[in-house]
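As structure tokens, the structure follows; a few thoughts come after it.
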Amino acid sequence: MTDKVTKTDAEWKARLGDLGYEVMRNHGTERPFTHDEFSSAPGTFRCAGCGAPLFSQDDKFDAGCGWPSFTRPQSEAGIGESQDDRYGMRRTEVHCSRCDGHLGHVFPDGPAPTGLRYCINGVALDFVADGEDTPD
Ligand SMILES: [Zn+2]
């Protein structure tokens with residue numbers, strides 16, 4: 001997880017598509033209810049940018065907000081945080097520690113046991129069911 005993934009803008013666009021690029025490389029936000037139709041099978045949500053495992057299906061919950069929501073990352077080291085003061089709000093931005101791709105935000109209003117809600121853009125995630133081959 002320590003090996004950084006870096007690509008040129010053109011390479012990111014080719015890999016992520018227009019919306020994925022806007023979200024992950026320009027800190028955009030997809031419209032709600034557009035990318036939350038993932039399988040509910042056991043598995044892992046991986047970074048759409050680099051394939052790093054980020055969230056487990058076990059920690060996904062329905063927050064009703066229209067974005068995939070998780071109570072915790074699969075591994076603390078896989079996720080980086082930064083303060084986001086844009087739009088006049090103080091929010092905690094979360095990103096993939098391996099490729100620095102923007103994922104979404106974490107809010108302190110999630111369910112037990114963590115009390116956290118990782119609100120993630122679905123376009124930033126690739127779901128891989130247990131037993132399936134992993135990308136990359
Ligand atoms: Zn990544």
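Atoms within a ligand are numbered from 1 in the order they appear, just like the ligands themselves. Throughout, residue positions are numbered sequentially from 1 according to the sequence presented.
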- Task: Would you indicate whether the side-chain heavy atoms of Pro68 and Asp36 approach each other to under 4.5 Å?
- Result: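 Asp36 reaches Pro68 side chain to side chain.
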- Message: I need the full list of salt bridge (charged side-chain N to carboxylate O under 4.0 Å, His left out) pairs touching residues 109-121, with sequence neighbours left out, sorted by first then second residue.
- Response: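 Only Asp109-Arg117 qualify under salt bridge (charged side-chain N to carboxylate O under 4.0 Å, His left out).
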- Just checking, any donor-acceptor pair under 3.5 angstrom between side chains of His95 and Glu93?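 Yes, because at least one side-chain N or O of His95 sits under 3.5 Å from a partner of the opposite role on Glu93.
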- Task: For the Zn ion (ligand 1), check which protein N, O or S atoms are under 2.8 Å away and list them.
- Result: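 Those protein N, O or S atoms (cut-off: under 2.8 Å from the Zn ion (ligand 1)) are Cys47 SG, Cys50 SG, Cys96 SG, Cys99 SG.
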- Task: Indicate the ring-plane relationship of His105 and His102, choosing parallel, tilted or perpendicular according to the 30° and 60° boundaries.
- Result: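 Perpendicular: the ring planes of His105 and His102 meet at over 60°.
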- Task: Please state whether the rings of Phe45 and Phe38 are parallel, tilted or perpendicular, taking 30° and 60° as the class boundaries.
- Result: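 Taking Phe38 first and then Phe45, their aromatic rings stand perpendicular (interplane angle over 60°).
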- Do Phe55 and Val5 share a hydrophobic cluster (ILVMFWY, side-chain heavy atoms under 4.5 Å, transitive)?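 Yes.
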